[in-house]
4 protein chains.
Amino acid sequence: MPAAPARTFKPTPAGRRGAATAERILDAAEGLFAERGYSATTLRDVATRVGIQNPSLYNHFESKEALYAAVLERDIGPVLEALSEFLLDGSEGSGDPAQVAERVMELLARRPRLPRLVAHETLSGGDQLTRMLREWMVPVFARAHRMVEISPGAERWNPDQIPHLVLAMYHIVIGYFTIAPLYEALTGDDLLAEQALERQTRLLREIVGALFTSTEKSAG
Amino acid sequence: MPAAPARTFKPTPAGRRGAATAERILDAAEGLFAERGYSATTLRDVATRVGIQNPSLYNHFESKEALYAAVLERDIGPVLEALSEFLLDGSEGSGDPAQVAERVMELLARRPRLPRLVAHETLSGGDQLTRMLREWMVPVFARAHRMVEISPGAERWNPDQIPHLVLAMYHIVIGYFTIAPLYEALTGDDLLAEQALERQTRLLREIVGALFTSTEKSAG
Amino acid sequence: MPAAPARTFKPTPAGRRGAATAERILDAAEGLFAERGYSATTLRDVATRVGIQNPSLYNHFESKEALYAAVLERDIGPVLEALSEFLLDGSEGSGDPAQVAERVMELLARRPRLPRLVAHETLSGGDQLTRMLREWMVPVFARAHRMVEISPGAERWNPDQIPHLVLAMYHIVIGYFTIAPLYEALTGDDLLAEQALERQTRLLREIVGALFTSTEKSAG
Amino acid sequence: MPAAPARTFKPTPAGRRGAATAERILDAAEGLFAERGYSATTLRDVATRVGIQNPSLYNHFESKEALYAAVLERDIGPVLEALSEFLLDGSEGSGDPAQVAERVMELLARRPRLPRLVAHETLSGGDQLTRMLREWMVPVFARAHRMVEISPGAERWNPDQIPHLVLAMYHIVIGYFTIAPLYEALTGDDLLAEQALERQTRLLREIVGALFTSTEKSAG
DNA sequence: GATGAATGAGGATTCATTCAT
DNA sequence: AATGAATGAATCCTCATTCAT
């Protein structure tokens with residue numbers, strides 16, 4: 001991981017507006033990487049968005065790749081961490097798919113660009129960059145897998161379908177955020193608006209309810 | 001390397017070389033664009049994969065963008081067309097979500113790189129290139145929307161949830177194919193293997209069944 | 001000089017409109033070279049203007065340079081030849097600057113693109129291509145030089161001014177045709193229209209009259 | 001190699017290298033554009049002549065066209081400005097064709113590459129680039145036009161010949177400088193040598209004298 | 001910490017030319 | 001005689017990166 005001197009404290013070290021430069025670079029980069037992906041994003045774009053000259057980026061990050069890694073880490077890290085925590089610490093509801101879904105929606109709603117970053121990453125293939133993702137994804141998927149196995153309606157699923165089911169849930173969630181910009185361009189509706197997010201959360205709850213609940217009972 | 005129908009019988013009979021060059025270029029480009037997306041794909045890569053020199057591409061396509069458009073058209077066109085046909089002709093089962101899902105899986109299974117192309121496209125934003133996608137997506141989504149509205153169990157959903165529901169189904173399907181390479185890299189399992197595809201189809205059917213079926217009755 | 005099989009006789013060897021292809025190529029090339037000069041003219045432009053495919057040019061001319069040379073030869077050749085003839089054969093009036101000027105105007109008026117070709121050539125420097133020009137220019141200039149020397153009023157000029165004087169006349173004539181397109185773009189007036197050409201001829205005659213006439217009076 | 005003020009005292013003190021790089025680029029470009037015209041000049045040639053790597057040009061000019069425009073502006077601007085000033089301020093002699101001619105010769109003698117630039121421009125047609133030229137040319141020509149009208153001897157010319165007359169003078173002047181390199185290649189004489197320039201100035205004065213002087217006698 | 005200048009590598013594209021058909 | 005396909009060389013330009021200031 002790069003030099004990312006994130007979390008400096010100096011409150012705007014003179015002349016600098018708002019956050020420390022490194023942070024502002026991360027913000028700009030996050031936006032651009034999320035919009036266009038890694039290779040379609042140029043450092044000049046990033047610098048321009050920050051309002052600095054592009055060589056200045058190198059005072060904060062060793063390379064484009066390092067910057068990208070820093071963005072991923074900053075963004076994905078906390079979310080996956082929070083999720084892991086919730087899931088693995090056995091917090092209340094951590095075993096209930098519905099509550100997990102809700103929690104994930106909550107987390108992502110606050111970082112709506114993250115899913116696009118992840119999507120770009122997973123699309124662009126399994127290079128080294130994904131290492132981080134892998135490290136976090138694998139255990140989370142494993143946990144989700146177990147969660148499904150022990151959920152009420154588990155008997156409904158063939159064991160070898162469970163990974164597919166987990167993937168399906170994953171795609172519903174990630175895809176929703178990912179497609180938001182295009183959806184807005186097409187329909188004019190903002191999927192990231194609070195109301196829409198609530199609708200989606202409710203939908204998710206219902207889907208989970210329909211899938212992970214003992215059919216007979218839940219119906220009875 | 002994909003199914004690229006390269007290696008025609010005659011091992012390039014020295015001279016008739018360019019027989020179906022355009023087609024071979026499209027194949028190569030399809031693969032690369034699907035793997036890496038537009039901007040991460042260089043024309044040199046394409047040319048190399050075809051086994052020609054990169055300026056030769058210009059004998060067949062006017063520009064990188066034109067090549068990309070041609071790939072999209074060749075790939076997406078027929079599938080969406082087939083789908084539209086199926087959906088709009090009122091063919092048998094065209095109103096049944098389960099059968100539609102099945103049909104879509106069938107179509108995509110034969111062109112597994114297509115979903116990645118679409119994913120790259122929808123991710124990279126609403127440029128002009130997506131026009132084609134839009135033109136096809138919008139009516140298909142509209143149709144899906146209507147289909148849900150009249151499906152049994154429709155009363156379970158809030159009207160404004162239906163678009164979300166359609167998106168969810170869309171993402172389950174597209175996401176599955178999209179993540180296949182990464183999934184294989186992570187777990188060793190090939191989601192595009194016949195068995196896996198069958199599992200996914202069955203899963204889809206069950207999900208659809210669970211979601212688009214009158215609850216009371218199915219319960220009763 | 002190239003293979004330029006100019007002057008074929010076959011009257012349109014089947015399917016071909018109008019002149020033989022080689023001639024049509026020369027026409028197109030003449031126009032483009034005159035407009036844009038050698039390096040700004042592409043063979044594709046030429047071919048397009050002829051209505052053929054650019055490799056076909058090579059059936060008629062060995063190379064771009066050969067084509068250029070052929071154009072120059074076809075265009076400049078006859079004019080300079082006619083001029084030389086007129087000048088050197090001692091035709092009537094061949095020693096009278098006014099009549100020479102008139103004759104030159106006459107010749108150029110019929111080939112108004114020629115001066116631009118010459119201008120491009122003389123501008124683009126003394127490469128090999130100019131050889132032909134040199135071969136023709138030098139004797140003509142020499143002749144003009146002598147003509148001035150023996151003209152009435154010659155005593156008005158310093159001997160070492162005579163080359164300058166010849167150049168001046170040359171530039172008045174060549175420049176007039178050369179600037180025609182720009183002039184038209186700027187003012188809307190077509191310098192190549194018959195009336196304008198007449199005006200210019202008259203002007204030339206008067207200038208020559210004023211410069212190459214015994215100055216006894218003006219001196220007296 | 002031209003007057004390029006390269007080789008500043010400090011032999012490029014390693015680091016401050018780029019001192020007046022932009023200026024040196026303009027010098028090099030001026031030379032090449034004047035020699036060969038726009039499209040025959042490659043940026044690599046320019047860079048090589050400057051002694052830098054060709055992408056470095058882009059640190060100083062946005063594109064080849066921008067560089068070209070900058071050259072034109074730097075070169076043509078001041079001269080036309082000086083000329084305009086002289087002509088329009090009613091400076092002493094600004095109404096006297098002979099003195100104007102002299103002044104122009106003076107100005108051009110100091111920037112002998114300028115006429116070639118102008119010639120290339122006027123030859124290569126009326127693209128946008130010529131805008132600057134047009135803007136300057138039109139009023140200057142208009143002024144010259146008026147000047148001729150009120151000069152003694154004006155009654156000798158038909159009103160509609162006056163533009164032709166102005167053009168003729170223009171071509172004598174511009175053509176002289178333009179043909180210098182070729183002339184030297186052909187004859188060995190350098191038209192830009194001081195002596196030659198004086199001869200040409202004198203010639204010009206005499207021509208103007210002969211043309212713009214009350215001709216009562218010659219007419220009578 | 002910021003930046004102007006420089007650059008090697010590469011990227012899309014054009015061009016003149018060749019060759020087999 | 002014409003052309004579709006192919007190509008080496010070159011062109012303009014971009015990009016990530018370095019370095020001295």
Side-chain angles (χ1 to χ4, degrees), chain A residues 5 13-16 20-22 39 41-47 50-67, chain B residues 13-19 21-22 25 39 41-47 50-67, chain C residues 5 8 10 13-16 20-22 39 41-47 50-67, chain D residues 13-19 21-22 39 41-47 50-65 67:
Chain A
R16 283 284 135 229
T21 306
S39 65
T41 298
T42 88
L43 289 188
R44 190 139 61 81
D45 292 340
V46 175
V50 176
I52 62 180
Q53 226 51 33
N54 103 48
S56 299
L57 297 174
Y58 287 84
N59 287 324
H60 303 275
F61 301 93
E62 274 182 351
S63 67
K64 188 185 179 183
E65 247 188 64
L67 172 58
Chain B
R16 179 203 139 281
R17 273 183 293 178
T21 308
I25 293 174
S39 64
T41 298
T42 91
L43 289 188
R44 194 142 59 79
D45 292 341
V46 176
V50 176
I52 62 180
Q53 225 51 33
N54 113 41
S56 299
L57 296 174
Y58 288 85
N59 287 323
H60 303 276
F61 300 93
E62 272 188 345
S63 66
K64 186 184 178 182
E65 248 189 63
L67 172 57
Chain C
T8 348
K10 309 191 198 176
R16 281 286 135 229
T21 306
S39 64
T41 298
T42 89
L43 289 188
R44 190 142 59 83
D45 292 340
V46 175
V50 176
I52 62 180
Q53 226 50 33
N54 102 50
S56 299
L57 297 173
Y58 288 85
N59 287 323
H60 303 274
F61 301 93
E62 273 182 349
S63 67
K64 187 184 180 184
E65 247 188 65
L67 172 57
Chain D
R16 177 202 139 281
R17 274 183 292 178
T21 307
S39 66
T41 297
T42 90
L43 289 187
R44 193 143 60 79
D45 292 341
V46 175
V50 176
I52 62 180
Q53 225 52 33
N54 111 43
S56 299
L57 296 173
Y58 289 85
N59 288 322
H60 304 275
F61 300 93
E62 273 187 347
S63 67
K64 188 184 177 184
E65 249 190 61
L67 173 57

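Chain A is the first sequence line, chain B the second, and so forth, proteins listed ahead of strands; every chain is numbered from 1.
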How would you summarise protein contacts on nucleotides 13-19 of chain E per nucleotide, using B for base, S for sugar-phosphate only and - for none, with heavy-atom distances below 4.0 Å?
BBSSBB-
Could you pick out which residue, D/N59 or A/Q53, lies toward the 5' side of DNA chain E when each is mapped onto its nearest nucleotide?
A/Q53
A/I52 CD1 - E/dG4 C1' separation (whole Å):
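Distance, rounded to whole Å: 14 Å.
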Residues two or more places apart in sequence or in another chain: which of them pass side chain to side chain contact (heavy atoms under 4.5 Å, CB included) with A/S39?
B/S39, B/A40
What is the distance, to the nearest angstrom, from the CG atom on D/L57 to the C1' atom on E/dT7?
12 Å
B/I25 side chain reached by B/V46 side chain, heavy atoms, under 4.5 Å
yes
Has B/H60 got a side-chain N or O lying under 4.0 Å from the OP1 or OP2 atom of F/dA6?
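Looking at the OP1 and OP2 atoms of F/dA6, one of them is under 4.0 Å from a side-chain N or O of B/H60.
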Between A/L57 and A/L43, what is the shortest heavy-atom contact and its length?
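Smallest interatomic distance, heavy atoms only, reads CD1-O, 3.5 Å.
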Could you walk me through whether C/N59 and C/T21 pass the side chain to side chain contact (heavy atoms under 4.5 Å, CB included) check?
CA-CA 10 Å; C/N59 287 323; C/T21 306; over 6 Å; no
Which stems, defined as runs of 3 or more consecutive Watson-Crick or G-U wobble pairs with both pairing distances under 3.5 Å, involve DNA chain F?
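In DNA chain F, stems of three or more pairs: E:2-21 with F:2-21.
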Looking only at side-chain N and O atoms, does D/T21 come under 4.0 Å of OP1 or OP2 in E/dA5?
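Checking D/T21 against E/dA5: no side-chain N or O falls below 4.0 Å of OP1 or OP2.
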With sequence neighbours left out, write down each residue that passes side chain to side chain contact (heavy atoms under 4.5 Å, CB included) with B/E62, or none if nothing qualifies.
B/A66
Taking only residues two or more places apart in sequence, or in another chain, which ones meet B/T42 in a side chain to side chain contact (heavy atoms under 4.5 Å, CB included)?
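Once residues adjacent in sequence are excluded, the partners of B/T42 under the side chain to side chain contact (heavy atoms under 4.5 Å, CB included) criterion are B/R44, B/D45.
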Can a side chain N or O of B/S56 be found less than 4.0 Å away from OP1 or OP2 on F/dA5?
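Answer is no, no contact under 4.0 Å.
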